[in-house]
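Okay, so here's the structure we're looking at.
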Amino acid sequence: MKIGQISSASGVSQRMIRHYEKIGLIPQAVRRESGYRDYDERDLHTLHFIGRARDLGFPIEDIRQLLQLWHDRSRSSADVKALALTRAEELGRKARQLEQMRATLQGLADACSGDDRPDCPILAGLESEERTPKGA
């Protein structure tokens, strides 16, 4: 399979496939005499795995670990579970941050009359020295 074909089949962009090769997340593709990269079903399966892990928000280094664990049949499922729980916890923190940001914006918008007057609580809120805590 050429890179365009495996990109379409896996849902991973050609640019990301090249990037994954460059950083060693996937092995360098075999090159045809013409110079085109040549991928097989194993590569496709791996790219599906990576794509799904990315969809779940795993960072590259965690995906590298997951790939190692995936290929290690003597692994402990506890190692995989620990990675998943750590990621779930991080996503929960981010969700709480996003909810706090949404509530702040909604409160500012609710305080704004949205008329022709120049005073604007939204701009005043952005001008404020008070910052929303990152870890909240």
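As the structure is a prediction and not an experimental result, all values here were calculated from the model.
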Subject >> Hphob cluster co-occupancy, V80 + L91, side-chain heavy atoms under 4.5 angstrom >> reply: no
Subject >> Co-membership, hydrophobic cluster, residues I60 and F58, 4.5 Å side-chain >> reply: yes
**OP:** State whether E99 and R96 are salt-bridged, where the test is any N-O pair (Lys NZ or Arg NE/NH1/NH2 against Asp/Glu carboxylate O) under 4.0 Å.
**Re:** no
**OP:** Using salt bridge (Lys or Arg N to Asp or Glu O under 4.0 Å) as the criterion, list what pairs up with D115, not counting sequence neighbours.
**Re:** R117
Subject >> Plane angle bin for F49 and W70 - parallel if under 30°, tilted between 30 and 60°, otherwise perpendicular >> reply: parallel
Original post:
From S10 OG over to I3 CD1, what is the distance, rounded to the nearest 0.5 angstrom?
Top reply: 9.0 Å
Original post:
Using a distance-only test with no angle check, is there a side-chain donor-acceptor pair under 3.5 angstrom linking D72 and Q68?
Top reply: no
Subject >> Nearest-0.5 Å distance, NE2 of residue H45 to CG of residue D40 >> reply: 12.0 Å
Report, one line per pair, each donor and acceptor closer than 3.5 Å where one atom sits in a side chain of residues 16-27; sequence neighbours left out.
{"residue": "R18", "atom": "NH2", "partner": "Q14", "partner atom": "OE1", "Å": "3.3"}
{"residue": "E21", "atom": "OE1", "partner": "R37", "partner atom": "NE", "Å": "3.0"}
{"residue": "E21", "atom": "OE2", "partner": "Y39", "partner atom": "OH", "Å": "2.5"}

**OP:** For residues C120 and C112, report the shortest heavy-atom separation together with the two atoms involved.
**Re:** SG-SG, 4.1 Å
**OP:** For E89 and T86, indicate whether the former's side chain and the latter's backbone hold a donor-acceptor pair under 3.5 Å.
**Re:** no
**OP:** Please report the shortest heavy-atom distance between G51 and V12, naming the atom on each side.
**Re:** CA-CG2, 4.4 Å
Subject >> Pairwise distance CZ(R75) to CG(L66) - rounded to 0.5 angstrom >> reply: 10.0 Å
Original post:
Would you say Q100 and Q97 make side-chain contact, with heavy atoms under 4.5 Å?
Top reply: no
**OP:** Please tell me if the side chains of L83 and L69 come closer than 4.5 Å, counting only heavy atoms from C-beta onward.
**Re:** yes
Original post:
Transitively linked via ILVMFWY side-chain contacts under 4.5 Å: I6 with Y36?
Top reply: no
Subject >> Whether over 12 other heavy atoms sit under 6.0 Å from R32 CZ >> reply: yes
Original post:
Got a second to check how far I63's CD1 is from T46's OG1, nearest 0.5 Å?
Top reply: 12.0 Å
Subject >> Over 12 non-hydrogen atoms of neighbours within 6.0 angstrom of CZ in R31 >> reply: yes
Original post:
Out of curiosity, L67 CG to Q65 CD, how far, rounded to the nearest 0.5 Å?
Top reply: 10.5 Å
Subject >> Shortest non-hydrogen separation from L108 to G125 and the atoms involved >> reply: CD2-CA, 4.0 Å
**OP:** Report the distance from atom CG of D110 to atom CG of L105, rounding to the nearest 0.5 Å.
**Re:** 10.5 Å
Subject >> N/O donor-acceptor pair under 3.5 Å between D62 side chain and P59 backbone >> reply: no
**OP:** Taking the side chain as every heavy atom from C-beta outward, state whether L56 and R87 have any atom pair closer than 4.5 Å.
**Re:** no
**OP:** Please check if M1 and V30 belong to a single hydrophobic cluster, counting links between Ile, Leu, Val, Met, Phe, Trp and Tyr side chain heavy atoms closer than 4.5 Å.
**Re:** no
